[in-house]
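Worksheet for the structure shown next.
Chain letters run A, B, ... following the sequence lines, proteins first, then strands; residues in each count from 1.
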Amino acid sequence: MKYYKPATFEEAIALVAGAEGVTRILAGGTDVLVQMRSDIITPDTLIDIKAIPGTHEITRTEDGGWRLGIAVTGAEMSEHPELGRDWPGVVEAMDLIGSTQVQGRATPVGNLCNGSPAADSVPAMIAAGAVVTVTGPEGSREIAVDEIPVGPGKTSLAKGEIITALTLPPRGAQGGDAYLRFIPRTEMDIAVVGCAVNLRLNGDVITEARMVLGAVAPTAVVVHAAADALVGRTLDEDALSALSDLAEASCNPIDDKRGTIKFRTHTAGVLARRAAKIAYSRAKGAKA
Amino acid sequence: MVDVALWSGLRPLVGGRDSVAVEGGTVGEILDALRRNYPALVPTLDAGVSVVVDGRVIASSLTEPVKPDSEVVLMMRLKGG
Amino acid sequence: MALDSSKTTGFKYVGTRPNRPDGLDKVTGRAKFGADAYAPGMLHAAIKRSPHAHARIVKIDTSKALAMEGVKAVVTRADFATGLEGEFGDILENVMAGEKALYDGHAVAAVAATSALIARDAIKAIEVEYEILPHVTDVDAAMQAGAPVIRADAADASVPEGLHPNVVRYYESGHGDVEAGFAEADLVVEDHFLTEATHQGYIEPHACLGTLGSDGKGELWCCTQGHWYVQKVCAACLGLETSQLRVTASEIGGGFGGKTTVFIEPVALALSRKANRPVKLVMTRSEVFRASGPTSSTSMDVKIGMKKDGTITAAQGTFRLQGGAFPGAPCEMTAMCAFAPYDLKHVHQVGYDVMSNRPKQAAYRAPGSPMAAFAVESVIDELCGQLGLDPIDTRLKNASREGTRASFGPTWPRIGLVETLEAVKAHPHYAAPLKKGQGRGISCGFWFNHGGETAVSLALSEDGSAQVAVGTPDIGGSRASMALMAAEVLGIPYEDIRVTIADTATLGYNEISHGSRVTYASGLATIKAAESAVQKLCARAAAKWGIPEDAVYWEDGYAKPSGPNAGDFEPLHIDEITATMGATGGPICGHFEATPEGAGVSFAAHIVDAEVDPETGKTSVVRYTVVQDAGKAIHPTYVEGQFQGGAAQGIGWALNEEYIYGADGRLQNAGFLDYRIPVASDLPMIDTVIVEVPNPGHPFGVRGVGETSICPPLAAIANAVSNAVGVRMRQLPMRPSRVLEALESAADG
Amino acid sequence: MSKTHVTTKVNGDEVEFLCDPRETLLDVLRDRLHLTGAKEGCGTGDCGACSVTVDGRLVCSCLILGVEAEGKEIGTVEGIAEGETLHPLQQKFIEYAALQCGICTPGILVATKALLEKNPDPSESEVRYWLAGNLCRCTGYDKIIRAVMDTAAEMREAS
């Protein structure tokens, strides 16, 4: 295995484009090193992007959104004084991954590129409308987060392309997001089901709604019908029931060591209700 | 003679009796007498047994004294974690 | 002079809570565990393992591995002794497969190389041709007609005719007439219970560093619960004389029974012999799960009859234990422990030891007993519930006590179950109100405890301090307990005693640290060794004073004349005697070698409150209390630690821990990510009550404490969850999906 | 084989080593620098026994490559005590019997020291969640949590 620590994205992209065999980008390494240790993947080329300027920064964008460098860790997101006020669901989702130790290294972009259907931060980022900047030899483009994963362990990135930034949109007024996952223990497990909800209100009435489920299909599931079910009404019992039913109906899970089809489907409905309530109260001004 | 109580899995090997009487003043002598008088018990005894004498589990000591009126019970050898 | 220091009260040191002697090393990172040893010229080893659950090994081609730069030796089964039978034959077969790979993870070859990375690369270059055979991993399936035969002729003489060859041992015991007993009952409950295999989950993987020469002399460093046993097994597997192999036990990073046997040490030694260099071999976590010794999975049927007043009229149990690809599942322990807490006129218990294509089970903390308690105590809880009886009063009414007949035959000596149950009843936890969604469970638990071969040596230094060499690896603070007991006898401060775990060259044979035997047996031997030193100290004083030896007694570190008739002499302090010992007869030492046969059984009862999320089936343990008879707590803090640790492992077993096998017979969760042991945020504080009903077989009354604490939790938590959700939980682990199904069935019913 | 030269600081001391890029920081600490206080319990970031700090940030050393240590400051259990004076956490862990076998202890000490530096007054629940990635199989965590809470209280009083 060859290890490179490029000083610029241009250098990194040239390395990625020119590398033979298996290439991996190293940010936090909390997935790549586990895969190496478990003999699942041994990259021929490992490109450590953490020396590239800006990769550790969290900055406000001009329009009031947030731009995150690709080496920004979960711990840095949680510690940021303002990010969590705007996007508590995204920050919480990231914070749920692994231990305190893993938080010191793990990055949302790594979580995304690992391509796990159970990645916690991904449903939250999709619900928030996050966008990544993908850069390759031909230049850069902005892509919605939900277009990156295409299947377990697979992304839509072409050879030579890497993600160079993550952008969260401006939170705006009367918005709130939340992410919940179900695990058997209190910590340290992979999500059996995850659910992110992002709402905007006008008074008590919902004007925008996005719900995204994790670990119930090969990739995160955007429940498009959630908007139809919620927009124009308050989050009353009927709305919660409808949302819960939609969540269950959107599941296409597998039976595996972490959960059954039946359990995942049922629990997706439970989490949908619970996450929606939190997002709703946040949109109404509750502190995260 | 000392009465030696057997666990029920052994009873078919001694004609269905739940205990047998043998001569012996120590655990070792009793086990020897069992081997002599009841050859069908030999594989079990070889696999390892504990002998409970008056409520005390004797795991391996053959020199432990046994009185004629002692309560003697054969038990499979204990193992622990 | 007082040679027998037996007492159960009036202690000066015993029962206090001093700092442990190895504390500083362990908080500074200096303590040397299994993987922390290095030797000049050392090689690193790795093991090639079968990916198949059951396969004939057709051919192993090691040529590509041997050709790799840095590879110094490769071994297969051909590099080990031949003709071994019985226990050692099974261990060797498990250490390195012969004709067949018997489970996913079974070792088939090993490599030693100049670095760990090269060794890992080299095992990938070993090519193994397998002929895959049908497999079975479930206990009930393995007993059925037509199930693949793991090994023909493995059954011993205990197995009745007509059973599947995978049933390799059979145990049956009891007394009375259970059918007559059931006829007397007002209510009979019969149920079927299942538990999955769990792993001890020690955080330190197996590790060793071995050196073996062509002269047959060897040195081995390893983390083990019993290095004399390792010595014996390795010598057999490699065809050595036992005494030519010196084994040193490292600090041990948890064992819980899982380090009572041998998995990798003979491999390191075989590689070392071939390469003529020291070889270090460390298991990965995945190897630990796949190829060390988890506990048995079980399938159990229990039937108990009870009168309306709570009297148990009869009890019957059938316990089927899956023990992996070798005989040895502790079915007889399960059967014997099952009804031990109860005084039963009619009782009958049967145990089956069943082989399957899984790793060879190893002991895990009171092996076999927790599963039995799960089944039996669940049925008793059900009976109490249906008859409207108090669960503690009912257990007290039927409790085993001195003079009653044990379910496995003999008459009980002095035991502490009644005192334990009364302490539960008196505990505020038992009467505390429950919140909505919560349930309370209680359960008894029983374990035998053990004595075993033990040798201890104690030497006094000129300054009057003492060093004690014991042969039982310290797995939970036992050096502190030994020092306390030696201090008590010698009458010198705890701090003046240094306790060391000796290597196999310096003491006689010591049985493994298992069966909760260390504080009992090594403790007894330490007391006896100290008494023998005291006798010599008294003799030196007598000689100095010119009086008979029996006119001198020992008190608080001083030799004293035994009365006015003995003469008027100033008491001699220990350091006054040891200062001149070279000139008064030579070094003063004490030693003791025996197989103590006075181990005292112990009982526990646990109270647990569980809260179940009705929407997801997730269980939280919100309050937990352990009550257990310790006989005598030498170092109460470490006794509490054993109680708490056992409870925590039991919580894991009850709720989330399990071996998950795929249809292909491969273990699917060989890591701490998906083998879910409790983490800090999963648990509440664990309250403890130490009951002390002295064991007459130990000078200070010690009973073992390490194992009994894992016996009640499975049932106690199952009872709590059952009471919270209103449905009897009959299968472990009670993972959320299983509890949710129970909730749904309750709603449907 | 091509090895990489790395210069780093461990517990304040500058060290240099050559390592294969596949070696983790844990491999390097143990096998090249012979600092065996950090333990390998899993190698996959699930047990926390290898916990160290890198530039003050708590991490699993099994999830960092040795080559990534270039120019960093590493803190291990061996650097917690100052000379012969134990850190209050070390002292309390001994007094409270917050360890039985002791294999998880180095990782837990490194982790709790990092916690108290960040939050001198944690709740029991905060301590438990902070330590969720540090598995202990012997103690049931009870005495560990008590030792941490009491150390925190004492350090607050002292400061």
Side-chain angles (χ1 to χ4, degrees), chain B residues 2-14 16-20 25-31 34-35 38-67 69-81, chain C residues 156-158 160 169-175 200 225 255-258 260 295 328 330 332-333 336 348-351 362-368 402-403 406 408-414 447-453 512 514-517 594-599 601 696-697 704 706-707 710:
Chain B
V2 181
D3 227 26
V4 181
L6 307 173
W7 70 81
S8 45
L10 298 183
R11 292 172 199 165
L13 305 173
V14 296
R17 278 175 288 174
D18 56 10
S19 71
V20 293
T26 63
V27 166
E29 287 167 13
I30 283 177
L31 291 175
L34 287 174
R35 280 172 211 278
Y38 303 95
L41 292 178
V42 169
T44 307
L45 299 176
D46 286 350
V49 292
S50 299
V51 182
V52 192
V53 179
D54 294 324
R56 290 177 62 219
V57 179
I58 309 302
S60 47
S61 171
L62 299 175
T63 55
E64 201 69 25
V66 178
K67 298 191 294 284
D69 61 345
S70 288
E71 179 196 72
V72 178
V73 181
L74 273 196
M75 211 167 79
M76 287 186 98
R77 176 164 287 170
L78 303 179
K79 43 190 154 192
Chain C
D156 75 8
S158 65
R169 294 185 318 124
Y170 174 84
Y171 172 81
E172 185 186 350
S173 68
H175 52 255
Q200 300 82 357
Q225 290 177 244
F256 317 107
T260 58
T295 187
E332 69 280 15
M333 306 303 294
M336 285 194 283
H348 181 232
Q349 52 249 334
V350 176
Y364 179 18
R365 210 167 192 159
E402 186 173 3
F408 48 90
T411 305
W412 287 114
R414 183 77 175 94
W447 185 245
F448 283 99
N449 299 324
H450 183 57
E453 289 152 274
I512 301 163
H514 70 152
S516 301
R517 78 179 206 88
T595 305
E597 294 285 16
V601 304
E707 291 170 291
I710 203 174

Heavy-atom cut-off 4.5 Å, strictly under: side chain, backbone, both or neither for [X] against chain B?
X	answer
C:Ala157	side chain
C:Phe256	backbone
C:Thr411	both
C:Gln349	neither

>> What's the separation between atom CZ in C:Phe408 and atom CG in B:Leu74, rounded to the nearest 0.5 Å?
In response: 13.5 Å
> Out of curiosity, C:Ser173 OG to B:Leu10 CG, how far, rounded to the nearest 0.5 Å?
Replying inline: 10.0 Å
> Is chain C contacted by the side chain of B:Met75, its backbone, both, or neither, given a heavy-atom distance below 4.5 Å?
Replying inline: side chain
>> Is B:Arg11 close to chain C through its backbone or its side chain, or both, or neither, when contacts mean heavy atoms under 4.5 Å?
In response: side chain
> Passes side chain to side chain contact (heavy atoms under 4.5 Å, CB included), C:Glu597 versus B:Ser60? Steps please.
Replying inline: CA-CA 8 Å; C:Glu597 294 285 16; B:Ser60 47; 3.6 Å; yes
> chain C: which of B:Gly9, B:Pro12, B:Ala5 shares the most heavy-atom pairs with it under 4.5 Å?
Replying inline: B:Gly9
> Among B:Val52, B:Ile58, B:Thr44, B:Asp54, which residue forms the greatest number of heavy-atom pairs with chain C at distances under 4.5 Å?
Replying inline: B:Ile58
> chain B: which of C:Met336, C:Glu453, C:Glu402 shares the most heavy-atom pairs with it under 4.5 Å?
Replying inline: C:Met336
> Which one, C:Arg414, C:Glu172, C:Arg169, leads in non-hydrogen pairs under 4.5 Å with chain B?
Replying inline: C:Glu172
